[in-house]
Each structure stands twice: as C-alpha cells, then as structure tokens.
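Notes to accompany the following structure.
Because only heavy atoms are used, hydrogens play no part in the values below, and waters and symmetry mates are left out as well, while side chains stay in. The first residue of the sequence shown is numbered 1, and numbering continues consecutively from there.
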Amino acid sequence: MTSLKIAVATATLACGSLVAAAPAHAATVPECTSYVKITQPNSTFYAYKPAHQGSTTCWLNRGSQGAGVWALQRNLKYCYGQSIATDGSFGPATEQALKNAQARHGLVPDGEYGPLTRANLILFYTIPSGRAGGC
C-alpha cells in the first residue's frame, strides 16, 4: 500500500499538478460558495456568513475561492484584527488568520472552516450605510 501511495504522489508531481484535498466531512457537506446576510433582531445591523445555496452548513479550506471566502475574510479582518485581503481567495494568509481565530476560541487551530469554527466565529455587523460596524 505504501508503494502505491508513493507511486501516486510521484505521478501527480511528474504531471505538474497538485490538487488540495477537501476535508473528510466534505463528502456530505458542501463547500461554501456564497454567503447569507444575517440581520440582528430588531435592528438594521447585518453581517455576512459563508453559505452554500442559503445554508450555512458548509466548509472552506485552503484553495477555496469565492463569495464564501470573502465573507469569512471580512469577519476575520474586522473581528479578529487579522491583516488579510478580502479578495475571496483562501490562501496561506487566510489560513493563518483562521488558525489565530480558532485558537482564540480554544478550538484546534486546523485552518479549516467547519462545524466548530462556524459555531464559534464572531461576525462583523454593519449598518446599511456601511459606515459603522462592530463585532
């Protein structure tokens, strides 16, 4: 079995491509490809949370792209003081920022946006004018 793994890895590297693997829970839970707008009760404040087709039960990790990543980056930047771009690309800086946030909540800092991180991540709320906000 070990020689098979080495052969596959060698073949992958020889072809010049390496694809990041999805987390184990990805078989049943989709990747966050969009976001939902969360509004606080009795308020005009709103936040963006990563989602997939309206459901926030989704995952993100290094290599993910799009609006779901943008929503995650926005929360990490403004609620956790992380100096990262909000460009929708989950690269090494976003992964490290997420690990920092996970550690702050006492979670295993694995750099993946999954169920425990989703449940604990603080959201950044703004008012419709976009000029004020808070966590």
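- Between the CG atom of D110 and the CD atom of Q102 there is a distance of 4.5 Å, given to the nearest 0.5 Å.
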Could you check F90 against L98 for side chain to side chain contact (heavy atoms under 4.5 Å, CB included), going step by step and ending with a plain yes or no?
CA-CA 10 Å; F90 197 132; L98 185 55; 3.9 Å; yes
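- The heavy-atom pair separating E95 from R62 by the smallest distance is OE1-NH2, 3.0 Å.
- Panel note: side chain Q73, backbone I84; no donor-acceptor pair is recorded below 3.5 Å.
- Residues K37 and Y48 are in side-chain contact: their nearest non-hydrogen atoms beyond the backbone lie under 4.5 Å apart.
- A pairwise comparison of heavy atoms in S55 and C58 identifies O-SG, 4.1 Å as the closest pair.
- For CZ of F124, the number of neighbouring non-hydrogen atoms (other residues, nucleotides, ligands) closer than 6.0 Å is greater than 12.
- Annotation: side chain of T33 is not in contact with side chain of Q53 (no heavy-atom distance under 4.5 Å).
- Counting only distance, with no hydrogens or angles, the side chain of S64 and the backbone of N61 share a donor-acceptor pair below 3.5 Å.
- You'll find the side chain of E112 stays beyond 4.5 Å of the side chain of T117, heavy atoms only.
- The side-chain heavy atoms of Q96 and N100, taken from C-beta on, include a pair separated by under 4.5 Å.
- Considering every non-hydrogen atom in both E31 and Q65, the closest pair reads OE2-N, 4.3 Å.
- In this structure, the side chains of Y113 and L121 come closer than 4.5 Å at one or more pairs of heavy atoms.
- Proximity of a side-chain donor or acceptor of Q82 to a complementary backbone N or O of T94 within less than 3.5 Å is not detected.
- Grouping the Ile, Leu, Val, Met, Phe, Trp and Tyr side chains by contacts below 4.5 angstrom, directly or via other members, places I127 with L123.
- Taking the side chain as every heavy atom from C-beta outward, I122 and H105 approach each other to under 4.5 Å.
- Nearest heavy atom pair, residue L76 against residue A97, reads CD2-O, 3.9 Å.
- Minimum heavy-atom separation, C79 to R104: O-NH1, 3.4 Å.
- When hydrophobic clusters are built by joining Ile, Leu, Val, Met, Phe, Trp and Tyr residues whose side-chain heavy atoms come closer than 4.5 Å, directly or via intermediates, V36 is not grouped with V69.
- Although no hydrogens or angles enter the test, the distance criterion places no donor-acceptor pair under 3.5 Å between the side chain of R74 and the main chain of T86.
- Looking only at distances, no side-chain donor or acceptor of S89 sits under 3.5 Å from a matching main-chain atom of G91.
- Taking all atoms of both residues into account, the shortest heavy-atom contact from T39 to S43 is CG2-O, 3.6 Å.
- For the pair Y125/I38, a side-chain contact is recorded, criterion being any heavy-atom separation below 4.5 Å from C-beta on.
- Taking the six-membered ring for Trp and thresholds of 30 and 60 degrees, W70 and Y35 have ring planes inclined between 30 and 60 degrees apart.
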